[in-house]
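All values below were derived from every heavy atom in this structure, side-chain atoms included, with hydrogens, water molecules and symmetry-related copies excluded.
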Amino acid sequence: MNAPLDIDFGLGRIRPWVRSDRDALVRHANSPNVARYTSTRFPHPYTCEAADAWFDFLEGQDDPEAYAIEVDGEAMGGIGIRRGENEYAHSGELGYWLGEAAWGRGIATAAVRAFVPAMMARWNLLRLNAFVVTGNVASCRVLEKAGFVLEGVQKAKAIRGGRVQDHAMYGLVDSSRLPLR
Ligand SMILES: CC(C)(COP(=O)(O)OP(=O)(O)OC[C@H]1O[C@@H](n2cnc3c(N)ncnc32)[C@H](O)[C@@H]1OP(=O)(O)O)[C@@H](O)C(=O)NCCC(=O)NCCS
């Protein structure tokens with residue numbers, strides 16, 4: 001089995017979630033500004049029960065798909081990859097968030113730059129997808145600075161709070177892992 005991922009990326013650390021992160025998780029995640037552009041799989045309001053359900057989910061995985069982003073000694077955000085299955089097992093979908101106290105310091109960019117190659121090597125992934133609501137300029141920039149390419153825009157992909165959302169589709173392919181065709 002793989003050893004748990006633990007990466008010092010300079011501005012912080014990516015390491016496994018632990019139950020003692022509960023208070024920090026709820027404090028940073030429970031914000032409408034954080035939830036605004038995440039999928040509704042990210043609960044809002046973010047309660048202690050939601051945090052416990054999250055830890056239960058991760059503890060059920062042999063090799064967890066999501067990690068805490070620790071900044072200034074506390075878990076201030078999260079990052080993970082939902083891995084594909086069967087013929088999609090070579091790819092995954094990247095997601096991340098940070099509490100507002102950590103915004104605007106280059107932390108998400110640095111975390112994504114560190115996490116992506118580590119997880120692609122760990123799981124032997126050839127491709128990552130990331131989907132961003134088009135108004136989420138900061139997240140689009142994070143992906144672009146981490147080497148993701150805008151592959152298209154899915155118009156009217158979701159309706160949330162009565163508002164139609166377009167979703168930008170980003171992709172990153174590690175061509176060094178491409179099998180010979
Ligand atoms: C998106 C998010 C992760 C960005 O985190 P961050 O650490 O503040 O991002 P960075 O500091 O690395 O900044 C990345 C880029 O976005 C820009 N940026 C940051 N906040 C911005 C804003 N509000 N509007 C426009 N651009 C912004 C930065 O200037 C930087 O670009 P630059 O280098 O060209 O100047 C954070 O805002 C967040 O968690 N938001 C809520 C959850 C979310 O949207 N998750 C992603 C879902 S796809």
Side-chain angles (χ1 to χ4, degrees), residues 12 14 17 24-55 57-58 61 64-69 71 75-116 119-120 123 125-174:
I14 295 168
W17 284 105
L25 170 57
V26 172
R27 191 160 11 93
H28 293 292
N30 187 30
S31 156
N33 295 328
V34 172
R36 183 166 163 219
Y37 288 127
T38 53
S39 131
T40 52
R41 288 198 308 257
F42 189 92
H44 185 70
Y46 204 109
T47 59
C48 290
E49 291 70 31
D52 288 338
W54 175 239
F55 297 134
F57 169 74
L58 291 176
Q61 298 190 320
E65 67 182 30
Y67 290 84
I69 301 175
V71 180
M76 283 203 183
I79 188 163
I81 292 174
R82 187 156 294 215
R83 195 176 183 177
E85 292 177 356
N86 303 320
E87 71 270 41
Y88 304 108
H90 67 284
S91 71
E93 184 180 333
L94 176 71
Y96 46 83
W97 67 274
L98 281 177
E100 287 167 85
W103 288 9
R105 293 154 59 181
I107 293 169
T109 302
V112 169
R113 281 180 173 155
F115 184 70
V116 160
M119 287 301 281
M120 289 182 90
W123 286 349
L125 300 177
L126 181 59
R127 177 190 167 87
L128 285 181
N129 303 299
F131 299 94
V132 186
V133 180
T134 49
N136 192 353
V137 181
S139 190
C140 292
R141 284 295 296 145
V142 167
L143 291 170
E144 285 159 7
K145 290 172 72 177
F148 282 73
V149 173
L150 179 63
E151 296 180 332
V153 175
Q154 297 180 319
K155 306 291 281 183
K157 174 83 181 294
I159 301 178
R160 188 162 174 192
R163 290 201 163 169
V164 177
Q165 292 179 341
D166 298 341
H167 288 191
M169 299 186 297
Y170 282 89
L172 182 143
V173 174
D174 180 349

Handout entry: Phe42/Trp97 aromatic ring centres below 6.0 Å
Key = yes
Handout entry: Note: Arg105-Glu100 ion pair, threshold 4.0 Å (strictly below)
Key = no
Problem - Heavy-atom closest pair, residues Ala146 and Val112 - result: CB-CG1, 3.5 Å
Fill in the blank from the handout: Between the CH2 atom in Trp123 and the CG atom in Leu128, the distance rounded to the nearest 0.5 Å is 10.0 Å
Practice task
Taking all heavy atoms of Ala68 and all of Ala75, pick out the closest pair and write down the distance.
Solution key: CB-CB, 4.1 Å
Completion exercise
Rounded to the nearest 0.5 angstrom, the CG-CE distance for Leu98 and Met76 is 9.0 Å
Handout entry: Side chain proximity check, Met169 to Val153, heavy atoms < 4.5 angstrom
Key = no
Problem - Minimum-distance pair of heavy atoms, taken over all atoms of Val132 and Cys140 - result: CG1-SG, 3.8 Å
Problem - Thr38 (side chain) donor-acceptor with Ala35 (main chain) under 3.5 angstrom - result: yes
Exercise for the section: May I ask you to test the Phe115-Ile69 pair for a side-chain heavy-atom distance under 4.5 Å? Expected result: no
Practice task
Please name the pair of heavy atoms, one in Tyr96 and one in Ser139, separated by the smallest distance, quoted to 0.1 Å.
Solution key: OH-OG, 2.7 Å
Handout entry: Glu65/Arg82 salt bridge by N-O under 4.0 Å criterion
Key = yes
Problem - Derivation of the side-chain contact (heavy atoms from CB on, under 4.5 Å) call for His44 and Asn30 - result: CA-CA 7 Å; His44 185 70; Asn30 187 30; 4.0 Å; yes
Practice task
Check whether any side-chain N or O of Asp166 sits under 3.5 Å from a backbone N or O of Ala156 as a donor-acceptor pair, and report yes or no.
Solution key: yes
Handout entry: Enclosure of Tyr88 OH (heavy-atom neighbours >12, cutoff 6.0 Å)
Key = no
Practice task
Decide whether Ser31 and Tyr46 meet the rule of one side-chain donor and one side-chain acceptor closer than 3.5 Å.
Solution key: no
Practice task
Would you name the heavy atoms of Ile14 and Ala111 that are closest together and state the gap between them?
Solution key: CD1-O, 3.6 Å
Practice task
Tell me, with the steps shown, if Arg127 and Glu151 meet salt bridge (Lys or Arg N to Asp or Glu O under 4.0 Å).
Solution key: CA-CA 13 Å; Arg127 177 190 167 87; Glu151 296 180 332; 2.7 Å; yes
Exercise for the section: Starting at CG of Asn136, measure out to NE2 of His167 and round the result to the nearest 0.5 Å. Expected result: 10.0 Å
Exercise for the section: Count the heavy atoms belonging to other residues, nucleotides or ligands that lie under 6.0 Å from CZ of Arg36, then report whether that count exceeds 12. Expected result: no
Practice task
Would you tell me whether Asn129 and Glu93 have side-chain atoms, one donor and one acceptor, within less than 3.5 Å of each other?
Solution key: no
Exercise for the section: Locate the shortest heavy-atom distance separating Leu25 from Trp17; write the atom from each residue and the value. Expected result: CD1-CH2, 3.7 Å
Practice task
Report yes if some heavy atom in the side chain of Phe148 is under 4.5 Å from a heavy atom in the side chain of Val173; otherwise report no.
Solution key: no
Exercise for the section: Quick one: pull up CH2 in Trp54 and CZ in Arg41 and give me the separation to the nearest 0.5 Å. Expected result: 9.5 Å
Problem - Value rounded to 0.5 Å, distance of CG in Leu94 from CE in Met119 - result: 10.0 Å
Exercise for the section: State, without any angle test, whether Tyr37 and Gln165 hold a side-chain donor-acceptor pair at a distance under 3.5 Å. Expected result: no
Completion exercise
Distance col, row Leu58:CG vs Tyr67:OH, nearest 0.5 angstrom, shows 9.5 Å
Practice task
Any chance you could lay out the side-chain contact (heavy atoms from CB on, under 4.5 Å) test for Phe131 and Leu143, step after step, and finish with the verdict?
Solution key: CA-CA 10 Å; Phe131 299 94; Leu143 291 170; over 6 Å; no
